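Worksheet for the structure shown next.
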Amino acid sequence: MTHDPFGSVTENLISPARSAFAITPNDDTGLARATRAVFVGTGGNLNLRLIDASEDVVFANVPDGSVLALRIVAVRATGTTATDIIGLA
């Protein structure tokens, strides 16, 4: 078992991510859990819903390899051209 010297430190939103999951854009279904940040492997547009928003927003021309400090609950297929999207939690 791996020793975690920071295991007892209280986690907050500026703490490093503790898990990651692939995001497949979907027009009908949101994410199973909100993100702390989003990694975009191959750049493009991201049509997404922020955690406290009532409407989607498009982040245009996100560069390859970007990490966006965004709490999101959905990435929509329509309007999203970026790929290799990873949710960090």
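The structure displayed is predicted, hence computed values, not measured ones.
- Considering every non-hydrogen atom in both A89 and A34, the closest pair reads CB-O, 4.4 Å.
- Here L31 contributes atom CG and F21 contributes atom CZ; the two are 5.5 Å apart, rounded to the nearest 0.5 Å.
- Note on I23 and I51: separate hydrophobic clusters, where clusters join Ile, Leu, Val, Met, Phe, Trp and Tyr whose side-chain heavy atoms are under 4.5 Å apart, directly or indirectly.
- Nearest heavy-atom pair, L88 versus A17, reported as atom, atom and distance to 0.1 Å: CB-CB, 3.8 Å.
- Hydrophobic clustering of Ile, Leu, Val, Met, Phe, Trp and Tyr side chains at less than 4.5 Å, counting indirect connections, keeps V40 apart from V73.
- Looking only at distances, no side-chain donor or acceptor of R36 sits under 3.5 Å from a matching main-chain atom of R18.
- A donor-acceptor pair under 3.5 Å is absent between the side-chain atoms of T42 and the main chain of D84, judged by distance alone.
- Checked by atom type and distance alone, the side chain of T80 pairs as donor or acceptor with a backbone atom of N47 at under 3.5 Å.
- Contact between A60 and N45 at its shortest, heavy atoms only, is CA-OD1, 3.2 Å.
- Taken together through direct or relayed side-chain contacts under 4.5 Å among Ile, Leu, Val, Met, Phe, Trp and Tyr, V57 and L46 form part of one hydrophobic cluster.
- Here the closest non-hydrogen pair linking D28 and N26 is N-OD1, 2.7 Å.
- Closest of all the heavy-atom pairs between A37 and A69 is CB-CA, 4.1 Å.
- A pairwise comparison of heavy atoms in L68 and V62 identifies CD1-CG1, 4.2 Å as the closest pair.
- Rounding to the nearest 0.5 Å places CD1 of I85 at 8.0 Å from CD1 of I72.
- A single hydrophobic cluster is not seen to contain both V75 and V58; linkage of ILVMFWY side chains at heavy-atom distances under 4.5 Å, directly or through other members, places them apart.
- The pair R76-D27 does not count as a salt bridge, with every side-chain nitrogen at least 4.0 angstrom from each carboxylate oxygen.
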